[in-house]
Amino acid sequence: MPTSEMLAKVGNHDDEEGNRPTVRVQTIDELHSLQRKRSAPSTPKGNSQQTSFLTLSEEERSKMQLESISASLASLTRGTGPKVVKGDPARRFEGSRVAHIPHHRHTVAPTIAVSDSALKFTHVLYNLSPAELYEQAIKYEKGSFLTSTGALATLSGAKTGRCPRDKRVVKDALTENELWWGKGSPNIEMDEHSFMVNRERAVDYLNSLDKVFVNDQFLNWDPKNKIKVRIVSARAYHSLFMHNMCIRPSLEELEDFGTPDFTIYNAGQFPCNRYTHYMTSSTSIDLNLARKEMVILGTQYAGEMKKGLFSVMHYLMPKRQILSLHSGCNMGKSGDVALFFGLSGTGKTTLSTDHNRYLIGDDEHCWSESGVSNIEGGCYAKCIDLSQENEPDIWNAIKFGTVLENVVFDDHFREVDYSDRSVTENTRAAYPIEYIPNVKLPCVGPHPKNVILLACDAFGVLPPVSKLSLSQTMYHFISGYTALVAGTEEGVKEPQATFSACFGAAFIMLHPTKYAAMLSEKMQNHGATGWLVNTGWSGGSYGCGSRLKLSYTRKIIDAIHSGSLLEAEYNKTEIFGLHIPSEVDGVPSEILDPENTWSDKQAYKETLLKLAKLFKKNFETFTNYHIGENNNLTEEILAAGPIIDEA
Ligand SMILES: Nc1ncnc2c1ncn2[C@@H]1O[C@H](COP(=O)(O)OP(=O)(O)O)[C@@H](O)[C@H]1O
Ligand SMILES: C=C(OP(=O)(O)O)C(=O)O
Ligand SMILES: [Ca+2]
Ligand SMILES: [Mn+2]
C-alpha cells in the first residue's frame with residue numbers, strides 16, 4: 001500500500017538534494033486524477049478562444065445537450081427518450097458529475113409505455129476527441145489496432161462497400177412528385193410506416209447499449225448553406241470516421257448547436273427484419289426527408305453514412321439553386337479552380353490531391369452563385385496498392401487520427417501491406433482534410449475554370465484526354481461512364497461498363513437532367529471548359545493493354561490546369577467525335593490517339609463500336625426528357641453522343 005511519503009517521492013526519486021517540486025497528493029487515485037485536466041466535451045480546431053463563454057452555466061448547457069440527445073433517441077411508440085448521461089460507463093465518477101435529465105420528462109405514461117431500457121441510463125460519448133475514440137475502439141472493438149504510423153486500423157465487418165440495392169427512400173405526398181423514381185433511379189421506395197419500424201428497431205438497439213456515440217457536426221463550408229448533422233452510432237470507429245469526414249465545429253459553434261437539421265441513427269451491427277415490408281436483405285439504409293432522418297441497419301461500412309448525407313445534400317441544395325457535385329476540387333496558385341467528376345475508382349481523390357495545387361475537397365462539392373464549397377471536412381482515399389512514391393500526400397496523411405479500414409498489417413511491427421487484398425479490394429483511409437499540407441482553408445473557391453470528367457475505360461478505346469464542347473460535356477455528364485475490370489480473379493478478362501448518371505446516380509435524388517441543366521448553365525455563365533480524361537487502359541483492353549501511368553495522367557491534368565492544352569492542335573476522332581490534342585508536354589504523343597497503341601487495329605475498331613453502342617443504349621432512357629428552354633439542349637446533347645454509321 002502506498003503511503004503519502006512514498007507518493008510524495010514520485011517525480012523526484014533521482015534527486016539527491018530533494019529540492020525538486022513534489023507531487024502533493026495523498027493517494028494513487030488522486031495522483032491519477034491529476035493526469036487529465038477537464039476540458040469542454042468537444043473537438044475544437046486549434047485556436048478556440050474561450051472568451052465569450054456565455055451566459056449559461058456548464059451544467060445547464062450540458063443538460064440541454066442531453067435533453068436534445070434524449071429527444072433524438074425517443075421511441076416513437078413510447079414517446080420518450082432514454083435517460084442519458086454523459087461519459088464512459090467505465091469511468092463512473094465522471095459520468096455522475098453531470099446531471100441527467102429531470103425525471104418528469106420520462107414518466108409520461110408510467111406503466112404500459114415504460115420498457116426496461118427506459119429504466120437504465122444510456123451513456124453518451126459526445127463529440128469525443130480522436131484520442132478518446134482511439135481508446136474506446138482499442139478497448140472495446142475487436143479488430144481495432146494501432147498501425148506503425150499511428151493510424152487506427154479497423155474492420156467494417158461483413159460489408160466492405162456500400163449496398164446501393166438496400167437503400168430505401170420514403171415515398172410520401174411530397175417526395176412522390178419531387179424525386180426521381182423508377183428505372184435507373186437509386187431511390188427505391190418504402191412507406192412511412194416501414195421506416196418507423198426500422199427507426200424503432202435502430203433506436204431500441206442503440207438504447208439497449210451501455211453507451212452510444214454522438215457526433216454533432218456540419219456539412220458544407222459555405223457559411224450561408226451550412227447543414228447541422230447529428231450522428232448517433234454504437235462504434236468508436238463510426239464516430240471517428242464522421243469526426244474526420246464532416247466539418248468539425250469549434251467549441252463556440254458547438255455551444256449554439258441547437259437542433260440538428262438531419263440525424264443519422266447508425267445501428268449497423270444490428271440487422272433489419274427481413275419480414276418488414278420493402279426489405280429484401282438484412283441490410284437497410286433508409287432515408288426519410290420529411291423527418292430529416294436516416295436509419296442504418298445491417299451494415300457497418302462507414303462510407304454509407306458519408307454517402308447517405310451526400311444524398312440528402314443532393315436534395316436540399318438544388319432547392320436553393322445550388323448544384324451538388326460528386327466531384328473532387330482543387331485550385332491553382334492563380335485561383336483557377338478545377339472539378340474532377342468520376343465514379344468510384346476513376347481518380348477524383350488521387351488527382352485532386354496534387355502537391356502543386358490547393359485541395360478544396362476530394363469527393364463532394366456545391367457550386368453556388370458565389371463559387372464552390374466542399375461539403376465535407378475530410379477525405380476518403382482508396383488505399384489499395386498505395387505507394388509513397390505515387391501518392392505522397394495521401395501516404396503522409398495516414399497517421400494518428402486517420403481511420404484505416406480493412407487493411408492488412410504485420411502482426412508485430414504493424415506495418416500496413418497496401419497490396420494485400422485479403423479482406424477487400426476496397427481498403428480505405430479516412431482523414432481530416434488538414435492532413436493534406438496544401439489544403440485550402442476554408443474549403444471554398446471561386447467559379448471553376450475546368451470541368452474534368454474522369455472515366456476509367458478498361459476497354460482501352462477512349463483517348464487519354466479530349467476537349468469537349470458544352471453539349472459533349474452534358475452528354476458525358478449524363479451518361480456517367482466508366483468501365484472497371486470485373487474483378488481480380490483469374491480468367492476475368494471482360495471489362496464491365498457502368499453508366500451512372502451525373503457520375504453519381506447512387507446519390508442523386510432528382511432527375512439527372514435537373515443537375516445537368518444546372519451544370520450547363522453554370523459552365524456557360526462562367527466560361528468553364530469541359531474535358532474527358534481516361535484514367536483507364538491504353539494499348540488494348542484489360543488483359544492486353546495496361547492502365548495509363550499515373551504520371552502521364554498527372555501531366556495531362558497539369559496541361560489542362562495551366563491552360564496550355566487549350567492552345568494545342570486538335571484532331572477529331574471517328575464515332576465519338578472527340579477532339580484529341582496532338583501533343584501534351586511530358587506525354588508520349590503516340591498514346592494520345594488510342595488507335596496507335598493497339599497492335600490489332602480491327603480489334604480496336606470493334607471494341608470502339610461496341611462501346612459506342614453501349615453508350616447509345618444507355619442514353620435511350622434520357623431521350624424523352626427535356627432540358628433547356630424549348631427542348632433545344634436535348635437535341636444538341638443527343639447530337640453530341642457517338643454517331644454510328646449503320647451502313
Ligand atoms: N492513371 C491513373 N489516374 C488516376 N488514378 C490511377 C491511375 N492509375 C492508377 N490509379 C489508381 O486508381 C485509383 C483511383 O482511385 P481514387 O482516386 O480513390 O478514385 P475516386 O476518388 O474517384 O473514387 C487510385 O488507387 C490510384 O492510385
Ligand atoms: C466512398 C465512396 O466514394 P469514392 O469511391 O468515389 O471515393 C463510395 O462510393 O463508397
Ligand atoms: Ca464515389
Ligand atoms: Mn474518392
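Remember, it's 1-based here, ligands and their atoms both numbered in the order they're listed. Nothing fancy with the numbering, it's 1 onward along the sequence.
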If you look only at distance, which donor and acceptor atoms sit under 3.5 Å apart when one is on a side chain in residues 545-552 and the other is two or more places apart or in another chain?
| residue | atom | partner | partner atom | Å |
| --- | --- | --- | --- | --- |
| R547 | NE | T535 | O | 2.7 |
| R547 | NH2 | G345 | O | 3.4 |
| R547 | NH2 | T535 | O | 3.4 |

**OP:** Would you check whether L548 has a nitrogen or oxygen atom less than 3.5 angstrom from a nitrogen or oxygen atom of ligand 1?
**Re:**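 L548 vs ligand 1: N/O contact under 3.5 Å present.
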
Original post:
With only distance considered, is G347 within less than 3.5 Å of ligand 1 through an N or O on each side?
Top reply: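 Yes; the residue has a nitrogen or oxygen that sits under 3.5 Å from a nitrogen or oxygen of the ligand.
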
Original post:
With ring centroids as reference points, do Y475 and F619 lie under 6.0 angstrom apart?
Top reply: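 Under 6.0 Å, so yes.
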
Original post:
Does the ring center of F400 lie less than 6.0 Å from the ring center of Y134?
Top reply: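 Yes, the ring centres sit under 6.0 Å apart.
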
Original post:
What do you reckon, does G303 put a non-hydrogen atom under 4.0 Å from ligand 2?
Top reply: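 Contact absent.
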
Original post:
For H326, is the nearest heavy atom under 4.0 Å from an atom of ligand 2?
Top reply: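 The answer is yes: ligand 2 sits under 4.0 Å from a heavy atom of H326.
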
Only heavy atoms of [X], strictly under 4.0 Å: list the atoms of ligand 1 that pass.
X    : result
T346 : 19 (O), 22 (O)
S344 : 23 (O)
L343 : 22 (O)

Original post:
Less than 3.5 Å between some nitrogen or oxygen of K382 and one of ligand 2, yes or no?
Top reply: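 There is such a contact, yes.
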
Original post:
For R162, is at least one N or O under 3.5 Å away from an N or O on ligand 2?
Top reply: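 In this structure, R162 places an N or O atom under 3.5 Å from an N or O of ligand 2.
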
Subject >> Face-on cation placement of K292 at F262 ring, 6.0 Å and 45° thresholds >> reply: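 No.
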
Subject >> Six-ring centre of Y435, K399 cation under 6.0 angstrom, axis tolerance 45° >> reply: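 Judged by the rule, K399 and Y435 form a cation-pi pair.
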
Subject >> Proximal candidate to atom 11 (C) of ligand 1 [heavy atom criterion; set K382, K549, R547] >> reply: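 When every heavy atom of K382, K549, R547 is considered, R547 comes closest to atom 11 (C) of ligand 1.
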
Original post:
Who's closest to atom 17 (O) of ligand 1 heavy-atom-wise, of L454, T350, L484?
Top reply: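 That would be T350.
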
Original post:
Any side-chain donor-acceptor pair under 3.5 Å between N406 and S156?
Top reply: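 S156 and N406 do have a side-chain donor-acceptor pair below 3.5 Å.
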
Original post:
Do we see a donor-acceptor contact under 3.5 Å between the side chains of T349 and D362?
Top reply: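 Per modelled atom types, T349 and D362 side chains form a pair under 3.5 Å.
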
Subject >> Smallest separation among heavy atoms of I322 and M518, with atom names >> reply: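 For I322 versus M518, the nearest heavy atoms are C-CE, 3.5 Å.
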
**OP:** Can you label the angle between the Y570 ring and the W531 ring as parallel, tilted or perpendicular, going by 30° and 60°?
**Re:**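 Aromatic pair Y570/W531 classed tilted.
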
Original post:
So F622 and W180, would you call those rings parallel, tilted or perpendicular, with 30° and 60° as cut-offs?
Top reply: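 It falls in the tilted class, 30° to 60°.
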
So is [X] close enough to ligand 1, meaning a heavy atom under 4.0 angstrom away?
X    : result
D363 : no
G345 : yes
E391 : yes

Original post:
What residues, two or more places apart in sequence or in another chain, satisfy ring pair (Phe, Tyr, Trp, His ring centres under 6.0 Å) together with F477?
Top reply: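 Ring pair (Phe, Tyr, Trp, His ring centres under 6.0 Å) list for F477, sorted by chain: F341.
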
**OP:** Taking the side chain as every heavy atom from C-beta outward, state whether L404 and Y418 have any atom pair closer than 4.5 Å.
**Re:**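 Yes. Closest side-chain heavy atoms under 4.5 Å.
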
Subject >> Structural part of Y301 in contact with ligand 2, heavy atom criterion under 4.0 angstrom >> reply: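 The part of Y301 near ligand 2 is the side chain, not the backbone.
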
Original post:
Between T553 and ligand 1, which part of the residue brings a heavy atom under 4.0 Å of the ligand: side chain, backbone, both or neither?
Top reply: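 Looking at T553 and ligand 1, just side chain atoms fall under 4.0 Å.
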
Subject >> Within reach of ligand 1, part of D362 (heavy-atom separation under 4.0 Å) >> reply: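 For D362, no heavy atom sits under 4.0 Å from ligand 1.
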
Original post:
So, is T349 placed with an N/O/S atom under 2.8 Å from the Mn ion (ligand 4), counting both backbone and side chain?
Top reply: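 Here the distance criterion (N, O or S atom, under 2.8 Å) is met by T349, so yes.
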
Subject >> Qualifying residue, where the test is ring pair (Phe, Tyr, Trp, His ring centres under 6.0 Å) with H326 and the options are F507, Y515, F340, W367 >> reply: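 Looking at F507, Y515, F340, W367, the match for H326 under the ring pair (Phe, Tyr, Trp, His ring centres under 6.0 Å) is F507.
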
If you count the atoms of ligand 2 from 1 in the order shown, which ones are under 4.0 Å from a heavy atom of [X]?
X    : result
K306 : 1 (C)
D363 : 6 (O)
K307 : 1 (C), 2 (C), 3 (O), 4 (P), 6 (O), 8 (C), 9 (O)
K348 : 6 (O)

